[in-house]
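So the structure is just underneath, and the comments pick up after that.
Hydrogens, waters and symmetry mates are skipped; everything else that's a heavy atom, side chains included, is used. Each chain gets a letter, A, B and so on, in the order its sequence line appears, and its residues count up from 1.
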Amino acid sequence: MSDDKSDDKSDDKSELSKGYEPAEVEPKWYQFWLEQGIFEASVDPADKREPYTITLPPPNVTGSLHMGHALGDTIEDVLIRHKRMQGYNVLWQPGIDHAGIATQLVVERQLAREGKSRHDLGRAKFVERVWEWKAQSGGRIAEQMKVLGASADWKRSKFTMDPELQVAVREAFVRLHGEGLIYRATRLINWCTDCRTALSDVEVENEEANGELYEFAYPVLHADAGAGATELVVATTRPETMLGDTAVAVHPDDPRYQHLHGKKLKHPFLDREIPIITDAILVDMAFGTGAVKVTPGHDFNDFATGKRHQLEEINILSLDGKLNERCAQFQGLTIKQARSAVKKAIAEAGLERGSKAHKLQLPRCTRSNTVVEPIISTQWFVDMKPLAEPALAAVREKRTEIIPAEWEKTYEHFLTNIQDWCISRQLWWGHQIPAFHCADCGHITVTREEHPSACEKCQKANLTQDPDVLDTWFSSGLWPFSTLGWPNKTPELERFYPTSDMETGYDILFFWVARMMMMGLHFMGEVPFKRVLLHGMVVDETGDKMGKLKGNTLDPLDLIYGAEFSTIVQKTMPDAPVDEALAKFRKAYPSSAQMGKGFSPSGADALRFTLCSYSPQAKRIALSPARVDGYRKFCNKIYNATRFSLGYLEGETVTAEGATPLPKLLLNRWILSRLSAAVEASTRGIDAYRLDDGSGALYHFFWDEFCAWFVEMCKPVFLHGTEPEKAETRQVLAHALEAALRALHPYAPFITEDLWQRIPRPASRPASIALAPYPTALDGRVDPDAERDMAVLMAAISAARSVRSEHEIAPSDGIKLELRVADPKLRALLEEQGRFIAFLVRTEGAPAVMNVGGERPKGAVLTVAGEVDVLVNLRGLVDAHKEKERVERKLKKLQKDLEVMEKRLSNANFIKNAPPEVVVEANAQKHSLEREQVNLSQSLKWVEELKE
RNA sequence: GGGCGCAUAACUCAGCGGUAGAGUGCGUCCUUCACACGGACGAAGUCGCAGGUUCAAUCCCUGCUGCGCCCACCA
């Protein structure tokens, strides 16, 4: 609503407008930081600052900034900016991941729109095309991170497919191969028929689905009619795989099937005899019919069974998921078609024996969501056990600490049960495997050379490179050292490895963190990072996972720049009717109801502050737009408090290095004491990975202490104080504000820079607040006396205000206030602070201060505020009947509290066993309650007086 | 089948062995010269249920209920 006149963002000297407008401030300062080079790490040998390093989890080159990124980037940036201000040589290493499958799919989709497939282009042209695409759209997410304020060292940004990183990948592969830890084998692997590639175990997600348990009979060959058993009924969730069956297994002890041991079955559709085998591992007598069809070619259990019994492994699928030539009349059908066709054929053959509903786990590809098929295939694998051992030990020995610690168990469980890692992918986009097949002798040469000239065994030159590429996560696993120049011994590697903190979402603990641990320990001999900080998943306000299908995704940029809800839903649910989409959105974000037509532009700082304010140990972070709005208002508060201060700071220069003032006035001593506590809490919070505590301490300090009390108390000084008082207060105001801005800077970098630059200060200052020292307790001055005195003052003022408000005294009505206290020191204090009390309570003149006891003035209401009795004279201002009711209600409540307190204090065991300070505290509370009671009883008399 | 986590104010969440906190929302009053993106004051919770330990339990222990996640080859 503010009619905004200021449109010139360039002129610092311009009048500050009434409200904070992030859009006018943020881009300008980011540009400034880049120009000043403040994000850049140093490898200068003369630079002796201690290093602090975070490697950014490289976002996918296909990605754009989502809430999860915003959360992680914000947390990391807070850590980085904090350490930078503390004088560390900070490296925040950014980069982008080539994201094999994801990227290939994007470009293939693009080709499809042109009516082409990658095969039309051929491998080389296709890869070229991907690079083109990357050049065009691959830099988007970095630009979005800049909007957020991320202070990464962009000049060092890396891409996992950069030439030097390709060198690192080849080096790692060749070494592991040489050590026998990478090998090639033919075994059952997960195959995505849509992506047409092998997958690793972690890329498969099991999803519960409703299926059926279908029963059918295999006829027994040469059945002994006398024994009556002419068939064996098996139960399966996948009838179509019977085309690949090479045995049926029963439990050796199952009495039902003893007579069938050693017999054979006739395959109804294929010319194949199927042996009946006994296997106690595979078969659970109680499940199904107790007879299991065995398909070694398409089931992990059956594969293992097949190995135990030397069964033939028949592959019935081609790579696109259709049935192959081994399937007779079913050849060419998709799996889904085959399932019904096979069932129909079984029924027609009279072999169907029933079915029932059954819940099962369907393995799906994390990329395409296609059902993954186990098929037998020749792939490259990493032997994980020898790598996992050191990674386990490092965490057990706390060389790397995982925070929150409960994830250690998960990590431990994963690494102790780890299977070998299938690292080859049948894609074109990625690091091609440095293995060369010899057409002459069949030997495979694994080498660092890009184009080896001869087979290492037969020396002939007939070599073809293995067409497969490596799993994206293979190169990601090397990231903490490959980005620093490994395998070369670079100054960067020397200085910044091991890195300090690894901050990422818990969802990639297995995919990435565990692998970096293994690779780092193996190749560098040292852990890749000293702490792993895991954050939760950002979900919608009701706790549901964000997803395009659900239409509940929230774009960080929409909160930063502001957006109408109708625009947002058109983006997230382009195909749904607007009303329907809006309803979905509002349901996912109930607090949006109080926000009119859309989000106000909150700015990056507000979003950052919001993200910091959530507890990092929560697994789910239910993002509330209303909360963002709350921090938007906080930014406005910071802005306006500074605007107020600047009005009084003419000529006052502040420097962070300057001595902390040594003021005399209570308000000044107090705010410096609170400042100490707040900045200390902030650093403690950040160091302990509790940004919610750190940011919360500063929020509370700034709003509830600096603004609500200190700034308000500055006013009477500036209006009516003596010159020395004014000078002292001006100095403390400038000092506290400047320190507060520095303390807030890691959380809210833009607004703090903008305002800090406006505070008059000497020429020796750093160019940017980002380079100024982070405040410590010494920027303030711990003063327990001031805190105690101020607490008395605040309690008295609050009590008096409360009386005003409860009795609905108009602000224009000045009241007469009398304060009574037994302690002469406190009397002196209240006397001395009279002008502040008068200003904040709005009384007629300074309050009268006296000893306790004596007659209560007629018409005065009495309230207890700690040791102080607060008497407010309301004669002629209130209604007696209403007052009586109010007093009686209060008395009732008080009596209840007092009973509880008395019971507690009369408990002999409590007196005997509780710590003394608890008893003292309880006595004090009781005493206070009793005084309140006496006063309230008096108030009943007071009501009578009012009636007179 | 294992493992982990969560249940606290209308909503989203902190917290803690000593008679419950924040933000938003809600109510009353106020356009007081930084800020109505504001101020003052206030209402609001049997801290999921049932036991146990303790002088004291929302917090620790046990069981139960309800959610959520991860891992796992029951066909």
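With a cut-off of 3.5 Å on both Watson-Crick or G-U wobble distances, the partner of B:A22 is given as B:U12. With a 3.5 Å ceiling on both atom-pair distances, the Watson-Crick or G-U wobble partner of B:G48 is B:C64. For B:C41, the paired nucleotide is B:G27, the pair qualifying as Watson-Crick or G-U wobble because both relevant distances are below 3.5 Å.
At a threshold of 4.0 angstrom between heavy atoms, the contacts of A:Arg804 with the nucleic acid are absent. If you check every strand for non-hydrogen atoms under 4.0 Å, A:Ser591 touches nothing. A:His298 comes within 4.0 angstrom of nothing in the nucleic acid, heavy atoms only. Using a 4.0 Å heavy-atom distance criterion, A:Gly290 is classed as a base contact. At the heavy-atom level, A:Lys715 lies under 4.0 Å from base atoms of the strands shown. Across all strands, A:Ala618 comes closer than 4.0 Å only to sugar-phosphate atoms, never to a base (heavy-atom distances). No contact: A:Leu719 has no heavy atom under 4.0 Å from any strand. As judged by a 4.0 angstrom heavy-atom cut-off over every strand, A:Pro811 is placed among residues touching the sugar-phosphate backbone only. Base engagement by A:Arg627 is indicated by at least one non-hydrogen atom pair under 4.0 Å involving a base atom. Within the nucleic acid shown, A:Phe300 has no heavy atom closer than 4.0 Å to any nucleic acid atom. If you check every strand for non-hydrogen atoms under 4.0 Å, A:Met537 touches nothing. Within 4.0 Å (heavy atoms only), A:Arg632 reaches at least one base atom of the nucleic acid. Among the atoms of the strands shown, base atoms are found under 4.0 Å from some heavy atom of A:Cys707. Counting non-hydrogen atoms under 4.0 angstrom, A:Ala622 reaches the backbone sugars and phosphates but no base.
Nucleotides B:A36 and B:G48 have their P atoms positioned 41 Å apart, rounded to a whole Å. When the P atom is used for both B:U19 and B:A56, the distance is 15 Å, rounded to whole Å. For the P atoms, the distance linking B:C6 with B:G17 amounts to 15 Å, nearest Å. B:U46 and B:A7 are spaced 15 Å apart, taking the C1' atom of each and rounding to whole Å. For B:C26 and B:C33, the P atoms lie 25 Å apart once the distance is rounded to whole Å. With both ends at atom P, the span from B:A72 to B:A50 equals 39 Å, rounded to whole Å. For the C1' atoms, the distance linking B:A44 with B:C11 amounts to 13 Å, nearest Å. Taking atom C1' in both B:C13 and B:U58, one finds a spacing of 16 Å when rounded to whole Å.
Listed nucleotides B:U28, B:G18, B:C37 differ in distance to A:Glu808; the shortest reach to its side chain belongs to B:U28. When each of B:U19, B:A75, B:G18 is scored by its nearest atom to the side-chain atoms of A:Val900, the top-ranked nucleotide is B:U19. Counting only heavy atoms from C-beta on, A:Asn636 has its side chain closest to B:C35 among B:G5, B:C35, B:C71. Comparing B:A75, B:C35, B:C41 by their nearest atom to the side chain of A:Ser805 picks out B:C41. Closest approach to the A:Arg904 side chain among B:A40, B:G18, B:U12 is made by B:G18 (side chain taken as heavy atoms from C-beta onward). For A:Arg620, the listed nucleotide lying nearest its side chain is B:G68; candidates were B:C4, B:G68, B:U12. Comparing B:G18, B:C69, B:A75 against the side chain of A:Lys619 picks out B:C69 as the nearest.
A cation-pi arrangement is absent between A:Arg632 and A:Phe599 under the rule of less than 6.0 angstrom and at most 45 degrees off the ring axis.
Rounded to whole angstrom, the span from the CG atom of A:Asp897 across to the P atom of B:U19 amounts to 12 Å. Atom pair A:Ile281:CD1 and B:A75:C1' shows a separation of 15 Å (rounding to whole Å applied). Rounded to whole angstrom, the span from the OH atom of A:Tyr589 across to the P atom of B:U12 amounts to 13 Å.
The existence of a salt bridge linking A:Glu313 and A:Lys307 is confirmed by a sub-4.0 Å separation between a basic side-chain nitrogen and an acidic carboxylate oxygen. Salt bridge present: A:Glu712 and A:Lys715 bring a charged side-chain N and a carboxylate O closer than 4.0 Å. With salt bridges taken as basic N to acidic carboxylate O contacts below 4.0 Å, one links A:Glu930 and A:Lys926.
Near RNA chain B, defined here as any heavy-atom distance below 4.0 Å, the residues from residues 917-929 of chain A are A:Val918, A:Gln925, A:Leu929, listed numerically. Using a 4.0 Å cutoff on non-hydrogen atoms, the parts of residues 689-700 of chain A near RNA chain B are A:Arg690, A:Tyr699, ordered by number.
Ring centroids of A:Phe287 and A:His251 are separated by 6.0 Å or more, keeping the two rings apart.
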| message | Test salt bridge (charged side-chain N to carboxylate O under 4.0 Å, His left out) on A:Arg308 and A:Asp279; report intermediate values, then the result. | response | CA-CA 9 Å; A:Arg308 286 195 294 275; A:Asp279 194 292; 3.0 Å; yes
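Tested against A:Ile189 for a side-chain contact (heavy atoms from CB on, under 4.5 Å), the candidates A:Asp201, A:Ile376, A:Ile375 yield a single pass: A:Ile375.
Between the side chains of A:Tyr20 and A:Asp754, no donor-acceptor pair is found at a separation under 3.5 Å. Counted by atom type alone, A:Thr241 and A:Lys293 present one or more donor-acceptor pairs between their side chains at under 3.5 Å. No hydrogens or angles considered: nothing links the side chains of A:Thr410 and A:Tyr506 as a donor-acceptor pair under 3.5 Å. At a cut-off of 3.5 Å, with distance as the only test, no side-chain donor of A:Asp692 or A:Ser613 sits close to an acceptor on the other residue. A:Glu541 and A:Ser591 form a side-chain donor-acceptor contact under 3.5 Å, judged by distance and modelled atom types alone. Under the 3.5 Å distance criterion, with hydrogens and angles disregarded, no donor-acceptor pair is assigned to the side chains of A:Ser798 and A:Arg801.
Evaluation of atom-type donor-acceptor distances gives no pair under 3.5 Å for the side chain of A:Lys18 against the base of B:C35. Contact of A:Glu712 with B:A34 (side chain to base): a donor-acceptor pair of N or O atoms is detected under 3.5 Å.
Contact check, A:Ser613 against B:A22: no side-chain N or O comes under 4.0 Å of OP1 or OP2. Under 4.0 angstrom from either OP1 or OP2 of B:A34 there lies no side-chain N or O belonging to A:Trp703. In this structure, A:Asn640 does not reach the B:A34 phosphate: none of its side-chain N or O atoms is under 4.0 Å from OP1 or OP2. Within the 4.0 Å cut-off from OP1 or OP2 of B:C74, not a single side-chain nitrogen or oxygen of A:His358 is found. The phosphate of B:C11 has neither OP1 nor OP2 within less than 4.0 Å of any side-chain N or O from A:Lys587. Proximity of A:Lys409 to the phosphate of B:C4: a side-chain N or O atom is located under 4.0 Å from OP1 or OP2.
Using a distance-only test at 3.5 Å, with no hydrogens or angles considered, a donor-acceptor pair links the side chain of A:Asn640 to the main chain of A:Lys18.
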